[in-house]
Amino acid sequence: YLLYPEVPAQYGKEKRVKMAVSKKQPEKKRQKKKSSLWIIALIAVILLILVGVVFLVLPKFRKEAAPEKPETIKVEAAEKSYAAGSRLSEKNFRVYGISGKKKQLLDADTYSVSPTKVPAHGHSVTVEVSSKAYPDIKAEITVLIDRDESVRYKIGRENPDDVEAILYSNGDLEISGKGSVRNFKSDSAPWKKYSVKRLTWIDPEAEVESMDYWFTGNDEYLETLCRIPDTVRSMVETFKNATAMTSMPDMSGAVRLEDITSCAEGCIALEKAMELPGNIKQAKKAFYGDTALIEGADTTACMQLENMDSMYYGCMALASVQIPDSAKELSNICNGCVNLKEVHIPSSAQKMNSSFFGCTALESITGEIPSSCTDSGNLFSGCKFLSGTLTVSCTSKTTLSSSFSDAATAGTGLTIILRYDAEKSQETANTGFYGGTKSADEILNALKASMEAAFSSGSHITITTNANKTEG
């Protein structure tokens, strides 16, 4: 047997302790490693939070904070034209804020545009761009509307290629080019056989002198979206019997326009007329038979309008009308206008045959019948509610026998003052209708007798005469 020295008991105990410690050391390392991973993860989360703040929260804060107010803004379109009916957004435009010499491109979310949709019809659209933070800072830009062409017509006068009429698939018609435009007779306009619904643009360099018969009889025509240019002199029957048309074009700038005879005759959907330019002379039958027309033309600027014969004949809904003092020919002007309550007699009137015949609602008359009026047959016939006072300036050529037949049969009654024109006081009846030499009093009395003989039995008209009253 081999003999080993005896190991002390204390030594064995220390060895066991060391072995126990050596077993615990790997577990502590694992715990330390695990703690390090948690710290790393926590740092990563903090970093992610910081990144979010930088890229998400701060930009949002900057957006909500009001930007520096520019003095003005300048707008540029991203495209030359935009399709009819398409959507408009802030991204369709480049907007610059300008302060002094500083020019800065603005973010699309700092401004708004209006309208937000391109119209379905028209040559162009004006878009308003305004700052969201400062609504008073705004600017406008006009952009073209893109449409599909259907056909082109060469309509230049000297050179047909100089000016073209372009018809689009949506019914828009435009006049484009430079130079004089040919005139057309009734039914000869080249677009007559096609469905033209709107006149949307006339090139400022296209010299249109006459728009006679352009849309006569077109029951699909709806409206004119452009102003009538200052080169136009005549619009005879331009929209005659355009039964679907609901509005008249802007004529205020057509300073050379003279003749609108039958321009809108038979436009039964038309409710309101337009402002007439000051150079108008002829308006015979301009709105004849427009049964839906409520408001007549604005003649405030008209200083030369003379012929208004049958201008509103048969306009049953007409409630207001303007008659300038320059008007001479007024026969049948408002014949059958049963909703008209007040009219003005112009100082230049010469012919007033049946001017207000059958105007059953007519009550008030301003102005007076001048001595220049020599034709007034049936002037107020059937105007049963006539009231107030009306002065008639007479000469030996004045006839009034049928002017008030069946008038003033209701209401408070009408007083008519017959006055002999002071400037004609020396005129004898040899040049008039009464035969022989008659004094002013004799002529006035004869007029009174002829009028009273024509009154109906229920008439509430009183007639007085004043041969010596002079004009104010």
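Predicted model, so just to flag it, every value in this text is computed and none were measured.
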Please enumerate all residues that pass salt bridge (Lys or Arg N to Asp or Glu O under 4.0 Å) together with [X], with sequence neighbours excluded.
X: K192; answer: D187
X: K328; answer: E306
X: E271; answer: none

Output, in order, the C-alpha distance, side-chain angles, deciding distance and verdict of side-chain contact (heavy atoms from CB on, under 4.5 Å) for E275 and T300. CA-CA 8 Å; E275 177 186 349; T300 304; over 6 Å; no

For H123, which residues count as a ring-ring contact (aromatic ring centres under 6.0 Å, His included) partner, sequence neighbours excluded?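 W201.
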
All ring-ring contact (aromatic ring centres under 6.0 Å, His included) counterparts of Y313, not counting sequence neighbours: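 Testing Y313 for ring-ring contact (aromatic ring centres under 6.0 Å, His included), a comparison that skips the adjacent residues, returns Y288.
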
Pairs flagged by ring-ring contact (aromatic ring centres under 6.0 Å, His included) wherever residues 335-373 is involved - sequence neighbours left out: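 Pairs touching residues 335-373 that pass the test: F356-F380.
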
Test I463 against F455 for side-chain contact (heavy atoms from CB on, under 4.5 Å), laying out the working first. CA-CA 11 Å; I463 301 175; F455 291 163; 3.6 Å; yes

Does a donor on one side chain sit under 3.5 Å from an acceptor on the other, for E174 and T200?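 E174 vs T200: donor-acceptor pair found between side chains.
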
Partners meeting side-chain contact (heavy atoms from CB on, under 4.5 Å) with [X] (sequence neighbours left out):
X: K272; value: E295
X: S169; value: D148, S150
X: A327; value: M308, I323, L330, P346
X: R256; value: R233

Please determine if K284 and E329 form a salt bridge, counting it only when a charged side-chain N lies under 4.0 Å from a carboxylate O.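 Salt bridge between K284 and E329, a charged N being under 4.0 Å from a carboxylate O: no.
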
Do the side chains of K69 and D136 get close enough for a salt bridge, i.e. N-O under 4.0 angstrom?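 The answer is yes: the pair qualifies as a salt bridge.
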
Taking the inter-plane angle between the rings of W214 and W191 on a 0 to 90° scale, is it parallel (under 30°), tilted (30 to 60°) or perpendicular (over 60°)?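 Perpendicular, since the angle between the ring planes exceeds 60°.
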
Listed pairs under 3.5 Å, donor-acceptor, residues 215-224 side chains, sequence neighbours left out:
{"unit_1": "T216", "atom_1": "OG1", "unit_2": "E237", "atom_2": "O", "d": "2.5"}
{"unit_1": "N218", "atom_1": "OD1", "unit_2": "E220", "atom_2": "N", "d": "2.9"}
{"unit_1": "N218", "atom_1": "OD1", "unit_2": "Y221", "atom_2": "N", "d": "3.2"}
{"unit_1": "N218", "atom_1": "ND2", "unit_2": "V196", "atom_2": "O", "d": "2.9"}
{"unit_1": "E220", "atom_1": "OE1", "unit_2": "S195", "atom_2": "OG", "d": "3.0"}
{"unit_1": "E220", "atom_1": "OE2", "unit_2": "S195", "atom_2": "OG", "d": "3.4"}
{"unit_1": "Y221", "atom_1": "OH", "unit_2": "L199", "atom_2": "N", "d": "3.2"}
{"unit_1": "Y221", "atom_1": "OH", "unit_2": "E223", "atom_2": "O", "d": "3.0"}
{"unit_1": "Y221", "atom_1": "OH", "unit_2": "T224", "atom_2": "OG1", "d": "2.6"}
{"unit_1": "E223", "atom_1": "OE2", "unit_2": "R198", "atom_2": "NE", "d": "2.9"}

Got a list of side-chain donor-acceptor pairs under 3.5 Å for residues 358-365, not counting sequence neighbours?
none

